[in-house]
Amino acid sequence: MFLSLRTEAEEALTEALSALSLPTGDLGLEEPPEDVGAILASSVAFRLAGEVGKAPPEVAGELAETIDVADYDYLASVGTQGPYVNFHASDAYYEKTLEAAREDSYGRLEPTGREVVVEHTSANPTGPVHVGRARNPIIGDSIARLLDFAGNDVDRHYYVNDAGRQMAVFTWAYETFDESELPEPDREKADYELVRYYRKGNAVLEDGDEEEVEAAEAEIASIMQGLENGDEDAYERVERVVDTVLGGMRESLSRLPAEFDEFVKETRFIRDGSVDDLVTRLKGLDEAVYEEDAWQLDLPDFEKNLVFLRSDGTSLYTTRDLAHHEWKFEEYDHAVTVLGEDHKLQATQLAAALDLLGNDTDQLDSVFYSYVNLPEGKMSTRAGTGVDLDDLLDEAVARAREEVEVRMDDRIRNDDLSEDDIDRIARQVGIGAVRYDIVSKQPSKAITFEWDRALNFEAQSAPYVQYVHARTCGILSEAQRASENRAAEPRDGEADREPGTVDPALLDSPEERDLIEVIGRFPAVIESAAEDRQPHQIATYTRDFAETFNAFYRERQVLTDDEALTAARLALVAASRHTIANALSVLGVEAPESM
RNA sequence: GGGCACGUAGCUCAGUCCGGAUAGAGCGUCGGACUUCUAAUCCGACGGCCGUGGGUUCGAAUCCCAUCGUGCCCGCCA
């Protein structure tokens, strides 16, 4: 509804400007500060003052007078405050907003018909997911949810780097070492068990004796050649390692939760011949050069050449990724990729090469995030430094459980949480807190991981917002219980009133109006966040929402003796519940019904 | 050396793309509110040369230039 209101304000302003023969290029429409009563405002008068030769407040006044709100449904009045033109919403606006938000799916935008692929995580399957990379699945999954909620048809892809040197090293190590030479795994889980081979292998390559290293390198090279030649045996050897490790990683990721529609292996593009075709096309480009036995692309605007075929004839990651992207462009209208900031240059080169190959690179969007570091430095799978995602999530749930138990004693609400409830709440709150902490920040900002900060359950965290949802559920179930009691002893006149009818005019206090306004903004927030691929905007909104709801909760008793008033406020609470539940769902944070 | 990000209260962050109303939150500190629809909540106080210097503008945290600090990248790795 806010979107319609904004459209009306735009129209009204444009018409008024035209009527006064003023330019309509920049309407200066904005959301005014909280203490200004208006729902929308324009600062256009500032810019026109010079042109008209009058002071801004005077221009604002003329504009306000020119607009006739009778022409619009959602504008009640247009006033001025100094140089600002302020728009006030009509009763119809509040009524329609409340009506729209009665739907469970409130906030979901109309289908766009666009098919979008969101590729995220795509970590090499070398071992357990650690916190340094955990930003990727959380941001990626939230973007996927956001684009879906904004009306797109979304697929989530994990691009599996199974043809690179790292996997050849891993395969060699797995086949070479005996488990008896390895330390105990940190967990009884495939990725934890296998990463021991990978670490051992890398240690040997680094410090082993010359002969051993030489033999290993020969084996690694033969595996890579085998993959490049489409050798079925090499493929199966690597696949066994890849699929096993990936299986373990998937389990961890699903806890976030981050699920995928498809795991796309890069060997696929070697095996189906598309890499060969691509190499042929690349060689044919004017920018292609053959230097030092390797085929390269002399990209304009880039200092160094991009090698796309090694001197031994094998392809490189970027070569295969080019084929991968052309495939995505064929299958989807739009492709979004979530990448670590260290891939920025590579991503720009990829786009430049795709452009040379005749693709429309507007179809591609990259979102970059900066890695999470430990206070003592970087996390690395190979070196075994870092905090595993599983450990972080376990710790989060354990701490949340402690909180639940501490709070049990001074709970007012007498609803006897069962052991299952405690488990559920601990999981929802603990994992929600981790996820929310990450998704609520701009991806470009650096994060240093600290236990206490990541697991803070206080305000501006998931539990703060989840609590609001639990409150709405508590009120609604209380109302349900009361109405069932009444139904048991029917009173005269009770049947006259439709249970579903509410009179929104009763919701006229500032707290109620503010709450409806915040609810009304939700679809616009979804639209903007989806447009910018910025799920953190939704997190910021949930905090605003929670604050506004809490003010309403503090000042206005919902369940009263006044039935009509109670019905109206219950409708507002239900609308609030849908809004906050959907916002949390876009963030991938669970919405507990009690906590 | 070159390129790209980031720098806002003691700490963690919104706001920056698209310039507008006294720069907003939370944590921490101090002081208040549970016999109530859930206190994981709420109310109040304290706290800011928006890294620094210039410029553009009626107006700059926001745009431009310079500069400092931090991170990332500049491989026939991924």
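By convention in this document, chain letters (A, B, ...) are assigned in the order of the sequence lines, proteins followed by strands, and residues within each chain are numbered from 1. These values consider heavy atoms only, across backbone and side chains, with no hydrogens, waters or symmetry-generated copies.
Across all strands, A:F302 comes closer than 4.0 Å to no nucleic acid atom at all (heavy-atom distances). Residue contacts shown for A:V429 include a base, since a base heavy atom lies under 4.0 Å away. Across all strands shown, A:R47 has heavy atoms under 4.0 Å from base atoms, whether or not it also approaches the sugar-phosphate. If you check every strand for non-hydrogen atoms under 4.0 Å, A:A41 touches a base. Heavy atoms of A:V307 sit under 4.0 angstrom from primed sugar atoms or phosphate atoms, though from no base atom. Across all strands shown, A:Q537 has no heavy atoms under 4.0 Å from either base or sugar-phosphate atoms. Residue contacts for A:V404: at a heavy-atom cut-off of 4.0 Å it reaches a base atom on one of the strands shown.
Between A:Y159 and A:H324, the gap from one ring centroid to the other is short of 6.0 Å.
Candidate nucleotides B:A25, B:C76, B:A40 were compared by shortest atom distance to the side chain of A:F457, and B:A40 ranks first. Which of B:C76, B:G2, B:C37 sits closest to the side chain of A:E303 comes down to B:G2. You'll find that the side chain of A:Q346 is closest to B:A78, out of B:A78, B:C37, B:C18. Counting only heavy atoms from C-beta on, A:P33 has its side chain closest to B:A21 among B:A5, B:A21, B:A40. Of the candidates B:A40, B:C18, B:A78, the closest approach to any side-chain atom of A:R407 belongs to B:A40. Counting only heavy atoms from C-beta on, A:L559 has its side chain closest to B:C37 among B:C37, B:C76, B:A78. With distances taken from any side-chain atom of A:P463 to the nucleotides B:C17, B:C73, B:A40, the minimum falls on B:A40. The nucleotide whose nearest atom lies closest to any side-chain atom of A:Q460 is, among B:A25, B:A40, B:C37, B:A25.
Closest-nucleotide positions on RNA chain B for A:E593 and A:L309 were compared, and the one nearer the 5' end corresponds to A:E593. The nearest heavy atom of RNA chain B to A:P32 and to A:S370 marks one nucleotide each, and the one closer to the 5' end goes with A:P32.
Residue side chain A:N86 reaches the base of B:A21 through a donor-acceptor N/O pair under 3.5 Å, judged by distance alone.
Checking B:A61 for Watson-Crick or G-U wobble geometry (two distances, each under 3.5 Å) identifies no partner in any strand. Nucleotide B:G26 forms a Watson-Crick or G-U wobble pair with B:C11, both donor-acceptor distances falling under 3.5 Å. Across every strand in view, B:C42 sits in a pair with B:G32 that passes the Watson-Crick or G-U test at under 3.5 angstrom. Nucleotide B:A5: paired with B:U70 (Watson-Crick or G-U wobble, both distances less than 3.5 Å). Under the Watson-Crick or G-U wobble criterion, with both distances below 3.5 Å, B:G75 is left unpaired in every strand shown.
The gap from the C1' atom of B:U35 to that of B:A23 amounts to 42 Å, rounded to the nearest Å. Between B:C17 and B:C34, the two P atoms lie 46 Å apart (nearest whole Å). To the nearest whole angstrom, the two C1' atoms, one in B:A33 and one in B:A39, are 9 Å apart. B:G1 and B:C63 have their P atoms separated by 26 Å, given to the nearest Å. Using atom C1' as the reference point in both B:U52 and B:C6, the two lie 16 Å apart (nearest Å). Rounded to whole Å, the separation between the P atoms of B:U29 and B:G69 comes to 35 Å. Of the C1' atoms belonging to B:C46 and B:A9, the separation is 11 Å, rounded to the nearest Å. For the P atoms, the distance linking B:G28 with B:C11 amounts to 16 Å, nearest Å.
A sub-4.0 Å separation between OP1 or OP2 of B:U41 and a side-chain N or O of A:N550 is absent. Applying the 4.0 Å criterion to OP1 and OP2 of B:A14, one finds that A:K445 has a side-chain N or O inside that range. Between A:K378 and the phosphate of B:C72, there is a side-chain N or O to OP1/OP2 separation shorter than 4.0 Å. Distances shown here put every side-chain N or O of A:K441 at or beyond 4.0 Å from the OP1 or OP2 atom of B:A14. Put simply, A:Y464 has a side-chain N or O that comes within less than 4.0 Å of OP1 or OP2 on B:C42. Close to B:A14, at under 4.0 Å from its OP1 or OP2, lies no side-chain N or O of A:Y541. A sub-4.0 Å separation between OP1 or OP2 of B:C77 and a side-chain N or O of A:R165 is absent. Between A:R471 and B:A40 there is no side-chain polar atom (N or O) within less than 4.0 angstrom of OP1 or OP2.
Distance CZ (A:R382) to P (B:C77): 14 Å, rounded to an integer number of Å. In this structure, A:Q442 atom CD and B:U8 atom P are separated by 13 Å, rounded to whole Å. Atom CZ of A:F46 is separated from atom C1' of B:G19 by 11 Å (rounded to the nearest Å). One can place CZ of A:R133 at 11 Å from C1' of B:A78, the figure rounded to the nearest angstrom. Atom-to-atom, CZ of A:R554 to P of B:U41 comes out at 14 Å; the value is rounded to the nearest Å. What separates CD of A:E228 from C1' of B:C77 is a distance of 15 Å, to the nearest Å. Distance CZ (A:F545) to P (B:U41): 16 Å, rounded to an integer number of Å. Residue A:H536 contributes atom NE2, which lies 18 Å from atom P of B:U12 at whole-angstrom precision.
The closest side-chain donor-acceptor pair between A:T318 and A:Q349, if any, does not fall under 3.5 angstrom. Using modelled atom types and a 3.5 Å distance limit, the side chains of A:T267 and A:D162 yield a donor-acceptor pair.
With hydrogens and angles ignored, the 3.5 Å screen pairs a side-chain donor or acceptor of A:T319 with a backbone N or O of A:F308. Looking at A:N550, its side chain does come within 3.5 Å of a backbone N or O of A:A546 through a donor-acceptor pair.
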### Task
Evaluate salt bridge (Lys or Arg N to Asp or Glu O under 4.0 Å) for A:R401 paired with A:D423, printing each intermediate quantity in order.
CA-CA 7 Å; A:R401 199 189 165 86; A:D423 283 345; 2.4 Å; yes
### Task
Check step by step if salt bridge (Lys or Arg N to Asp or Glu O under 4.0 Å) holds for A:R521 and A:E527.
CA-CA 10 Å; A:R521 268 175 41 218; A:E527 185 188 68; over 6 Å; no
### Query
Would A:E402 and A:R407 count as a salt bridge (Lys or Arg N to Asp or Glu O under 4.0 Å) if you check the C-alpha gap in whole Å, the side-chain angles of each, and the deciding distance to 0.1 Å?
CA-CA 9 Å; A:E402 275 173 43; A:R407 288 163 208 276; over 6 Å; no
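Taking the six-membered ring for Trp and thresholds of 30 and 60 degrees, A:F545 and A:F549 have nearly parallel ring planes, at less than 30 degrees apart.
Annotation: cation-pi pair A:R543/A:Y464 absent, no NZ/CZ under 6.0 Å from the ring centroid and within 45° of its normal.
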